Amino acid sequence: TLEEVVAIAEEIGYPVLVRPSYVLGGRAMEIVYTTDQLVDYVARSAEVTEGHPILVDQFLEDAFEFDVDALCDGTGVYIAGILQHIEEAGIHSGDSACVLPPYRITPAALTTIREQTTALALELEVRGLLNIQFAYRDGIVYVLEANPRASRTVPFVSKARGLPLAKWAAQIALGKSLADFPLPAETGAKVVAVKEAVLPFDKFPGEKVFLSPEMKSTGEAMGLAPSLGQAFLKGLLGAGVRLPVAGTVFMSVNDHDKWKAVPLARDFLELGFGLVSTTGTAALLRQNGMPVETVYKVGEGRPHVVDRIKNGDIALVVNTPMGSRSRADEAAIGRAAIRYRVPVFTTLSAAQAAVRALRSPKQISVKALQDYFVD
């Protein structure tokens, strides 16, 4: 009942993650920050949740998420890859960009992830592939879920490391052991690999561009390079996103993100970009000594930010929504950016990765996948 959902959420403490109990792809899953948002969620999701329980979980803000793909033969465990999500936790794993090997975690936390993966695989008596999702925040590793099956990241890890994981898993299911296979060291990756989601917003004009726990991607692309920046750049290009090399960046971030927006804005200035922001973000940047032009929000006056996008004045958009639901202003910005093919980043972690890409060497080399694994 609604009363039970509200009582549980208040007991757990906001923000909470709410979802129906039987869906795939994060359907009708949301992060809610207040009781009013929770009541609104239940009302909007009544058709989806009717006759089924609603699950309420604690949501970890400012956490990084990890996917681990491993093989287990019942007595031993081989970790094939630990992927770090570039977007922070709260974005569906199918929509988040991922990097292999991880780039932002302590060695101690990585050791914990490996130990927990091994313990869970053996306890669950897995024979074949196992995928575990972890979150990491403030030095603590959290287990989100363990799936004794192949995951969507298995083809990516197989290509990034040159390993036939699905073939080996099938042979383990038929009685072989890990000792029968030439298993390279898990830390022996020869290249940085980035998985970037292909998002269909240009095909569905009414769809909001903000990423959420509900999966929206329709495919993925892969970038391989010696550095994270260039690998992310290749992944974006494969997904149909072209980063500008000059122009003006529009930045508008929610209050929670403002302190992290300052170094990001400085990075764009150092790369030669100009800055345009709405009133609140512009005031913060000026307080930190950065030149920034103020632009109207939609409804405040003309020309507003959507006009500037339509006029070709904006080369890149960084716009993080408030809470789990974007305002009408943010939705209009997202639609205009997609229509006029302006790259838009709705998380600061993705925008930071874009800065790495812009700083990477502009000369991109291309190799066949097999060439990465020829000694």
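Being a predicted model, the structure only gives us computed values, none of them experimental.
Not counting sequence neighbours, the partners of F181 by the ring-ring contact (aromatic ring centres under 6.0 Å, His included) test are W168. Scanning for side chain to side chain contact (heavy atoms under 4.5 Å, CB included) contacts around T279 gives T294, with sequence neighbours left out. Qualifying salt bridge (charged side-chain N to carboxylate O under 4.0 Å, His left out) partners for K367, counting only residues two or more places apart in sequence or in other chains: none. In this view, R127 satisfies the salt bridge (charged side-chain N to carboxylate O under 4.0 Å, His left out) rule with no residue, not counting sequence neighbours. Qualifying side chain to side chain contact (heavy atoms under 4.5 Å, CB included) partners for V241, counting only residues two or more places apart in sequence or in other chains: L236, P343. Residues passing the side chain to side chain contact (heavy atoms under 4.5 Å, CB included) test with C98 are L83, H85, K195, sequence neighbours excluded. With sequence neighbours left out, E270 forms a salt bridge (charged side-chain N to carboxylate O under 4.0 Å, His left out) with R359. For D307, the salt bridge (charged side-chain N to carboxylate O under 4.0 Å, His left out) partners at least two apart in sequence or on another chain are R302.
Looking only at side-chain heavy atoms (C-beta outward), L129 and V154 come within less than 4.5 Å of each other. Using a 4.5 Å heavy-atom threshold, the side chains of E186 and R114 count as touching. V276 is not listed as a side-chain neighbour of V292, based on a closest heavy-atom distance of 4.5 Å or more. Between L275 and F273 there is no side-chain heavy-atom pair separated by less than 4.5 Å. Residues V192 and V99 have side chains in contact (heavy-atom distance under 4.5 Å, counting atoms from C-beta outward). The shortest side-chain heavy-atom distance between I113 and I132 does not fall under the 4.5 Å cut-off. Counting only heavy atoms from C-beta outward, the side chains of V253 and N319 never approach each other to under 4.5 Å. Proximity of M290 to L269: side-chain heavy atoms (C-beta onward) are separated by under 4.5 Å at one or more points.
Under the 4.5 Å side-chain heavy-atom criterion for grouping Ile, Leu, Val, Met, Phe, Trp and Tyr, L60 is not connected to F134 through any hydrophobic cluster. Follow the hydrophobic side-chain contacts under 4.5 Å out from V249 and you reach L271 in the same cluster.
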Side chain to side chain contact (heavy atoms under 4.5 Å, CB included) between S93 and R152, intermediate numbers included
CA-CA 9 Å; S93 59; R152 71 170 57 80; 2.9 Å; yes
Let me see the working for E293 and R308 under salt bridge (Lys or Arg N to Asp or Glu O under 4.0 Å), right down to the final yes or no.
CA-CA 12 Å; E293 180 186 350; R308 297 289 298 270; 3.0 Å; yes
Can N131 and V68 be said to form a side chain to side chain contact (heavy atoms under 4.5 Å, CB included), step by step?
CA-CA 6 Å; N131 171 262; V68 180; 5.9 Å; no
Please test L316 against F250 for side chain to side chain contact (heavy atoms under 4.5 Å, CB included), starting from the C-alpha separation and ending with a verdict.
CA-CA 6 Å; L316 188 146; F250 169 75; over 6 Å; no
Audit row: C72, L130, side chain to side chain contact (heavy atoms under 4.5 Å, CB included) steps and yes/no:
CA-CA 7 Å; C72 181; L130 170 77; 5.7 Å; no
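Considering CG of N288 and NZ of K258, their distance stands at 12.5 Å, rounded to 0.5 Å. For the atom pair F232 CZ and L358 CG, the distance stands at 10.0 Å (nearest 0.5 Å). Of the inter-residue distances, the one linking S365 atom OG with L224 atom CG reads 10.0 Å to the nearest 0.5 angstrom. Considering CD of E87 and CZ of F345, their distance stands at 9.0 Å, rounded to 0.5 Å. Between the CG atom in L348 and the CG atom in L264 there is a gap of 6.0 Å [rounded to 0.5 Å]. Rounding to the nearest 0.5 Å gives a distance of 3.5 Å between CG of L165 and OG of S158.
A donor-acceptor contact closer than 3.5 angstrom links the side chains of S151 and D69. Between T34 and D36, the side chains place no donor N or O within less than 3.5 Å of an acceptor N or O (distance only, hydrogens not considered). If you check the side chains of D67 and T153, you find no donor sitting under 3.5 Å from an acceptor.
The backbone N or O of H92 lies less than 3.5 Å from no partner atom in the side chain of D95, so there is not a single donor-acceptor pair. Side-chain atoms of S277 come within 3.5 Å of backbone N or O of M251 as a donor-acceptor pair. A donor-acceptor pair is defined here as one N or O able to donate and one able to accept, closer than 3.5 Å; such a pair exists between the side chain of Q84 and the backbone of Y103. Without hydrogens or angle criteria, R137 side chain to E61 main chain gives a donor-acceptor distance under 3.5 Å. The main-chain N or O of L199 is never found under 3.5 Å from a side-chain atom of S217 such that the two would form a donor-acceptor pair. A donor-acceptor contact shorter than 3.5 Å is absent between the side chain of E123 and the backbone of A119. Side-chain N or O atoms of N147 include none that pairs as donor or acceptor with a backbone N or O of R149 at under 3.5 Å. Between the side chain of R286 and the main chain of T281, no donor-acceptor pair closer than 3.5 Å is present.
Residue A169 comes nearest to L71 through the heavy atom pair CB-CD2, 3.8 Å, listed as atom of the first residue, atom of the second, then distance. Heavy-atom minimum distance, P244 versus A315: CG-O, 3.5 Å. Across all non-hydrogen atoms, the minimal contact from T346 to T320 is O-CG2, 3.6 Å. Here the closest non-hydrogen pair linking L100 and G81 is CD1-CA, 3.9 Å. The minimum heavy-atom distance linking L122 with G76 is given by the pair CD2-N, 4.1 Å. Smallest separation of non-hydrogen atoms from I172 and G128: CG2-N, 3.7 Å.
Pairs of residues two or more places apart, or lying in two chains, never qualify as side-chain hydrogen bond (donor to acceptor under 3.5 Å, both in side chains) while including a residue from residues 224-243.
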Give the table of side-chain donor-acceptor pairs shorter than 3.5 Å for residues 104-112, with sequence neighbours excluded, one pair per line with atom names and distance.
{"residue": "T106", "atom": "OG1", "partner": "A109", "partner atom": "N", "Å": "3.1"}
{"residue": "T111", "atom": "OG1", "partner": "P107", "partner atom": "O", "Å": "3.1"}
{"residue": "T112", "atom": "OG1", "partner": "A108", "partner atom": "O", "Å": "3.1"}

Identify each donor-acceptor pair in which a side-chain atom of residues 2-13 lies under 3.5 Å from a protein atom, sequence neighbours left out, and give them as a table.
{"residue": "E4", "atom": "OE1", "partner": "T1", "partner atom": "N", "Å": "2.9"}
{"residue": "E4", "atom": "OE1", "partner": "T1", "partner atom": "OG1", "Å": "3.4"}

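Other residues, nucleotides and ligands place no more than 12 heavy atoms under 6.0 Å from the NZ atom of K159. Counting heavy-atom neighbours within 6.0 Å of Y14 OH, excluding the residue itself, gives a total above 12.
For E214 and R19, the salt-bridge test fails: no basic side-chain N is under 4.0 Å from an acidic carboxylate O.
In this structure, V245 shares a hydrophobic cluster with no other residue, the cluster being traced through Ile, Leu, Val, Met, Phe, Trp and Tyr side chains under 4.5 angstrom apart.
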